[in-house]
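What follows is a single structure, written as structure tokens, with notes after it.
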Amino acid sequence: MEFFDVAWRLLAVLVAFLTLPLLVGQTEHKVMAHMQGRVGPMYAGGFHGWAQLVADGVKFAQKEDVVPAAADRRVFQLAPAVALVPYMLVLIAIPIAPNGVVGQVVDAGIFFVLAVLGVGVLGQVMGGWASANKYSLLGGMRTAAQLMAYELPLLLAAASVAMAAGTLSLPGMLESWQWWWLPWQLIGAFVFFTAGIAELHRPPFDAPLAPEEIIFGPLTEYGGLRFALFMLAEYAGIVVVSALTAVLFLGGWHGPFADQLGWLWMLLKTAALCFLVIWMRVAWPRLRADQIQRFAWTCLVPLALFQIALTGVVKVVFL
């Protein structure tokens with residue numbers, strides 16, 4: 001019975017990993033089409049452009065897989081997998097509903113997910129270094145600098161929730177969560193979500209890609225299915241960051257009739273945050289690389305430290 005339980009959980013995680021990022025990608029096409037008046041994504045295939053995602057998949061599959069002659073071939077080919085697989089590992093530790101509905105309970109779950117998220121970002125660093133292209137190398141260097149800058153506020157914001165709950169386990173944090181944590185942890189939620197978006201290089205933090213400046217950064221030399229894997233990793237990262245924000249700061253599965261509808265509340269909160277990520281791409285212009293660094297060190301890090309101090313005060317006085 002234990003074998004079948006583990007197999008069922010892993011299968012559920014795999015299905016979620018293969019479907020949710022694609023749904024986010026399709027939603028991004030539609031939301032951007034509505035917000036920006038784009039015609040193509042609204043008509044591909046007929047009804048509301050349902051075939052846009054299929055067309056993109058066929059396009060990527062037909063493109064030739066080219067490896068630059070001067071590239072480090074093995075690292076170049078391995079980079080898309082390094083960028084994609086860590087997000088599937090993170091999904092295993094994210095609780096979906098009460099009563100143990102989670103792929104695998106990890107005692108130090110918050111450390112596990114943050115460490116694995118950092119590995120995923122390294123895929124673009126590897127791709128930029130191995131491409132033997134100066135634009136790719138510059139994009140990889142920007143990626144590494146952005147990772148170092150935003151990993152600290154991300155960790156500090158998550159640490160404030162761990163302090164409040166008194167545990168490093170994600171299911172344990174949700175068991176301890178109370179509705180009045182929302183205003184109290186609001187600053188930490190802003191820091192965590194913003195830092196997560198920056199690590200994914202989503203607009204307005206997409207200076208490592210910057211197609212108008214450095215072609216497409218570390219992904220310049222990639223095409224076909226390898227490029228598609230990088231795009232899938234980006235959408236998987238959106239799902240993971242949104243789900244973690246929902247778990248840490250929005251109560252995850254908490255809501256009316258949580259025992260029966262906890263999974264629905266978790267999905268709705270995650271979907272709302274995914275929509276916010278898409279909206280940010282449409283609404284905000286790109287920040288320069290120096291502005292991205294300044295925002296991390298002069299804004300997010302002080303806010304994260306303030307949140308930890310506030311958590312310590314509340315923990316001593318009220319809890």
Side-chain angles (χ1 to χ4, degrees), residues 12-36 38 41-42 48-50 52-53 56-57 83-84 86-97 101-103 113-114 116-117 120-121 150 154 157-158 170 174 182 185-186 188-206 209 228-255 261-284 286:
V13 170
L14 181 61
V15 171
F17 180 72
L18 294 176
T19 56
L20 293 180
L22 295 180
L23 290 176
V24 172
Q26 181 76 344
T27 303
E28 183 170 58
H29 278 107
K30 305 309 171 189
V31 171
M32 292 179 63
H34 280 292
M35 290 183 173
Q36 297 180 328
R38 296 186 177 189
M42 300 303 297
H48 208 69
W50 65 269
Q52 180 65 50
L53 192 63
D56 286 341
L84 180 61
Y87 294 116
M88 182 173 67
L89 298 179
V90 172
L91 283 178
I92 294 176
I94 297 179
I96 304 300
V101 183
V102 58
V113 298
L114 293 179
V116 175
L117 280 178
V121 178
Y150 284 87
L154 190 78
L170 293 177
L174 284 178
L182 284 172
Q185 295 286 341
L186 185 61
F190 168 76
V191 172
F192 185 89
F193 187 67
T194 304
I197 298 305
E199 287 204 358
L200 296 176
H201 311 137
R202 291 285 302 183
F205 303 101
D206 58 337
L209 301 178
L229 289 179
F230 274 115
M231 293 296 99
L232 182 62
E234 178 180 331
Y235 292 127
I238 294 174
V239 174
V240 167
V241 170
S242 300
L244 285 175
T245 304
V247 168
L248 294 176
F249 300 98
L250 302 181
W253 44 258
H254 282 276
L261 300 177
W263 61 272
L264 180 59
W265 292 116
M266 179 63 184
L267 288 179
L268 288 176
K269 294 173 183 178
T270 302
L273 291 172
C274 289
F275 175 83
L276 182 58
V277 175
I278 297 171
W279 174 83
M280 290 174 63
R281 175 176 180 176
V282 178
W284 292 88
R286 177 185 305 127

Review point. Do V24 and L20 touch side chain to side chain, with heavy atoms closer than 4.5 Å?
Key: no
Study note, to complete from the structure: Contacts satisfying salt bridge (Lys or Arg N to Asp or Glu O under 4.0 Å) that involve residues 267-278 (not counting sequence neighbours) are none
Exercise for review: Only counting residues at least two apart or in another chain, list the ones meeting ring-ring contact (aromatic ring centres under 6.0 Å, His included) with Y150.
Suggested key: F205
Exercise for review: Could you list the residues that satisfy side chain to side chain donor-acceptor pair (under 3.5 Å) with E28, not counting sequence neighbours?
Suggested key: R202, Y235, R281
Point to revise | Atom pair CZ (F192) and CD1 (I197), whose distance is rounded to the nearest 0.5 Å | key: 10.0 Å
Point to revise | Test ring-ring contact (aromatic ring centres under 6.0 Å, His included) applied to F193 - qualifying residues, sequence neighbours left out | key: none
Revision key, fill the gap. By ring-ring contact (aromatic ring centres under 6.0 Å, His included), H254 pairs with (sequence neighbours left out) W177
**Study point:** Minimum heavy-atom distance W253-G262, with the two atoms named
**Key:** CB-O, 3.3 Å
**Study point:** Nearest heavy atoms of G255 and W265, plus distance in Å
**Key:** C-NE1, 3.7 Å
Exercise for review: Mind checking the CD-CD1 spacing from E234 to I238? Nearest 0.5 Å is all I need.
Suggested key: 5.5 Å
**Study point:** Interatomic spacing from CG in L23 to CG in L18 - rounded to 0.5 Å
**Key:** 11.5 Å
Revision key, fill the gap. Separation between CG (L84) and CG (L232), nearest 0.5 Å, reads 5.0 Å
Identify all side-chain donor-acceptor contacts of residues 271-280 below 3.5 Å with residues at least two apart in sequence or on another chain.
none

**Study point:** Pairwise side-chain contact, L22 with Q26, heavy-atom cut-off 4.5 Å (strictly under)
**Key:** no
**Study point:** Note, L248 side chain near L170 side chain (heavy atom, < 4.5 Å)
**Key:** yes
Check your understanding: Is L91 close to I94 at the side-chain level, that is, under 4.5 Å between some pair of heavy atoms?
Key -> yes
Exercise for review: Kindly indicate whether the side chain of Y87, heavy atoms from C-beta on, has any atom under 4.5 Å from the side chain of L200.
Suggested key: yes
Review point. Looking only at heavy atoms, which two atoms of P95 and L174 are closest? And how far apart?
Key: CG-CD1, 3.5 Å
Study note, to complete from the structure: Taking every heavy atom of A83 against every heavy atom of A233, the minimum-distance pair comes out as O-CB, 3.4 Å
**Study point:** Exercise: identify the closest heavy-atom pair between L209 and H201
**Key:** CD1-O, 4.3 Å
Check your understanding: With a 4.5 Å heavy-atom cut-off, do V191 and F249 have their side chains touching?
Key -> no
Check your understanding: Which atoms form the tightest heavy-atom contact between M266 and A246, and what is the distance?
Key -> SD-CB, 4.3 Å
